[in-house]
Amino acid sequence: MLDLKFIRANAERVKEGARLKRVECDVDGLLRLDEERRALAPRVDELRNRQKSGGKEMAKANPEQRVRILEEQKKLKDELGGLETRLSELDKAMTALQLLVPNVPAPEVPPGKSDADNVEIERVGTPPVFDFTPRDHIDLGTEQGWLDVEAGARLAGSRNYVLKGDLALLEDAVLRLAMEHMLAKGFVPLSVPTLVRYEPLLGTGYFPGGEEQTYKTDARDELYLVGTAEVPVTALHADEILAHTELPKLYVARSACYRREAGTYGKDTRGIYRVHQFQKVEQVVIDVADEAKSIAHHRSILNNSKEVLDLCELSYRVVNVCGGDLGVAHVQKFDIETWMPSRNGFGETHSASRFYDYQARRLNLRYRDVEGKVRVCHTLNNTVAASTRMLIALLENHQQADGTIRLPEALRRFMGGRATIGRALARKG
RNA sequence: GGAGAGGUGGCCGAGUGGCCGAAGGCGCCUCAUUGCUAAUGAGGUGACUCUGUAUCAACGGGGUCCGAGGGUUCGAAUCCCUCCCUCUCCGCCA
């Protein structure tokens with residue numbers, strides 16, 4: 001969330017930001033409550049002060065004095081009671097409103113309503129040109145005996161799938177490649193819970209608001225399945241005050257990801273583009289509160305992912321995500337969209353996010369700077385590789401006329417040294 | 001699932017109604033001693049928030065915080081209730 005002081009001082013900017021993001025929030029209401037609170041709090045403090053000193057007199061008073069003090073104290077108590085109740089009401093109401101105030105997007109975020117308005121800023125590589133009719137990943141996977149979406153549906157409903165044989169191996173291979181790439185960059189590997197409490201989701205900005213997209217266990221446990229390792233990893237140091245000497249924290253985690261995909265009925269129903277469960281390697285950066293550093297990190301985590309795509313010999317573009325497509329917590333987001341022949345276009349495979357201190361303030365994630373001052377950290381994250389969408393790209397882009405798949409050099413060592421997988425398929429009628 | 005113990009400051013740990021934001025220790029900072037390191041001695045060392053000294057730099061004052069929320073009381077870290085969490089033993093299981 002945003003610092004209340006910042007909201008006070010920049011109310012118009014904050015409101016403008018919310019408009020850009022097309023997010024509903026009541027900044028004026030929040031500021032009204034804030035004003036009331038700021039008038040009330042000093043009075044409460046003063047009364048409490050009198051009450052406390054009265055209590056101290058009481059401790060060393062003689063019996064007659066006690067009677068007198070007691071009477072005064074009782075009066076004070078009555079007076080205080082109502083005010084304190086109002087104060088805590090205000091605090092509650094303000095927190096609720098404050099949580100809904102979105103982060104202010106960076107000036108370079110383009111205006112727009114949906115992903116259609118995202119602005120391409122870079123294109124890398126050339127989409128393959130086939131001298132045969134290419135198959136999509138479903139046909140390829142199914143015919144090769146690698147992919148079974150019907151079995152997935154039988155086991156777990158629609159938007160589920162089963163990977164078999166070399167495709168199951170390839171899933172692991174991509175993730176390992178991603179992981180090793182990040183290890184070489186000095187990122188610390190983590191294995192984290194994917195079933196978490198409410199707080200990490202609140203802290204990372206998914207709640208309130210994202211409940212519909214999140215699987216939740218029943219009342220016996222009240223836990224949530226994360227949609228990304230960003231949640232547990234970013235929340236790892238919640239409520240801590242880190243030493244500036246241990247920053248930046250560079251983390252990489254591989255985890256399963258769960259998404260309800262509510263409200264997407266009829267969208268991307270074919271294949272494994274939009275699924276309820278997949279695996280992902282995610283990079284997370286926690287560093288000092290310095291916008292220039294955050295921007296540099298943003299660039300570098302974007303680069304890390306581009307390098308993985310380069311290693312996979314895929315072509316892609318980077319888009320500057322528009323205001324309407326940003327989450328509440330974002331300052332700016334760059335999506336990488338990888339070429340997918342079956343879409344005859346680019347499909348989102350990565351999402352690099354910069355938050356400044358928005359998540360960290362919610363998480364109470366702080367550090368002590370060189371001068372010993374306590375400050376709120378900055379956080380960032382980006383996908384390194386998401387299993388299903390990478391598999392789509394790999395199968396479809398590297399398919400050959402006979403239905404076999406050419407493996408990029410970088411993946412071969414995870415696939416038993418093979419240069420291709422799959423057998424020759426019958427020509428499509 | 002059964003039985004028990006416990007949640008206090010960066011960490012360990014004392015504290016059963018007012019003198020406790022909280023002993024003591026560790027860690028850390030400053031100074032002294034020392035050729036360096038180490039050791040030793042002295043002092044200091046929480047977060048949040050409001051406020052004053054004409055700038056959130058410094059210093060001063062107030063308030064809140066001893067897992068969370070309620071209650072008792074003039075007054076609660078200390079008593080009562082509810083919840084959350086951690087640990088130990090037994091059982092069960094990967």
Rounded off to whole Å, could you give me the [atom1]-to-[atom2] distance for the [X] and [N] pair?
{"X": "A/Y367", "N": "B/G46", "atom1": "OH", "atom2": "P", "result": "20 Å"}
{"X": "A/D91", "N": "B/C48", "atom1": "CG", "atom2": "C1'", "result": "12 Å"}
{"X": "A/L4", "N": "B/C48", "atom1": "CG", "atom2": "P", "result": "15 Å"}
{"X": "A/E71", "N": "B/U73", "atom1": "CD", "atom2": "P", "result": "17 Å"}
{"X": "A/H237", "N": "B/G10", "atom1": "NE2", "atom2": "C1'", "result": "15 Å"}
{"X": "A/R37", "N": "B/U49", "atom1": "CZ", "atom2": "P", "result": "11 Å"}
{"X": "A/I69", "N": "B/G75", "atom1": "CD1", "atom2": "C1'", "result": "12 Å"}
{"X": "A/L47", "N": "B/C50", "atom1": "CG", "atom2": "P", "result": "19 Å"}

Using the [atom1] atom as the reference point in each nucleotide, state the distance between [N] and [M] in Å, no decimals.
{"N": "B/A23", "M": "B/G46", "atom1": "P", "result": "11 Å"}
{"N": "B/C92", "M": "B/G2", "atom1": "P", "result": "15 Å"}
{"N": "B/G10", "M": "B/G67", "atom1": "P", "result": "13 Å"}
{"N": "B/A39", "M": "B/U33", "atom1": "C1'", "result": "11 Å"}
{"N": "B/C50", "M": "B/U34", "atom1": "C1'", "result": "47 Å"}
{"N": "B/C83", "M": "B/G63", "atom1": "P", "result": "34 Å"}

Assign a letter to each nucleotide of nucleotides 56-71 of chain B from its 5' end: B, base within under 4.0 Å of a protein heavy atom; S, sugar-phosphate only; -, no contact. BS----BSS-------
Inter- and intrachain pairs under ring-ring contact (aromatic ring centres under 6.0 Å, His included), touching residues 229-257 of chain A, at least two apart: A/H237-A/Y251
Test the A/R361-A/F6 pair against the cation-pi criterion, namely NZ or CZ under 6.0 angstrom from the six-membered ring centroid and within 45° of the ring axis. no
Run the side-chain hydrogen bond (donor to acceptor under 3.5 Å, both in side chains) check on A/T379 and A/E230 step by step: do they pass? CA-CA 10 Å; A/T379 61; A/E230 164 198 350; over 6 Å; no
Contacts of A/Q51 and A/R368 projected onto RNA chain B by closest heavy atom; the upstream (5') one is A/R368
Is the phosphate of B/C84 approached by A/R197 (side-chain N or O, under 4.0 Å from OP1 or OP2)? no
Relative to the ring of A/Y224, is the ring of A/F207 parallel (under 30°), tilted (30 to 60°) or perpendicular (over 60°)? perpendicular
Report the relative orientation of the aromatic rings in A/Y215 and A/H276; use parallel for angles under 30°, tilted for 30 to 60°, perpendicular for over 60°. perpendicular
Which residue in the set A/D268, A/T269, A/T264 passes side chain to side chain donor-acceptor pair (under 3.5 Å) when paired with A/R159? A/T264
Heavy-atom closest pair, residues A/S114 and A/C322: O-SG, 3.2 Å
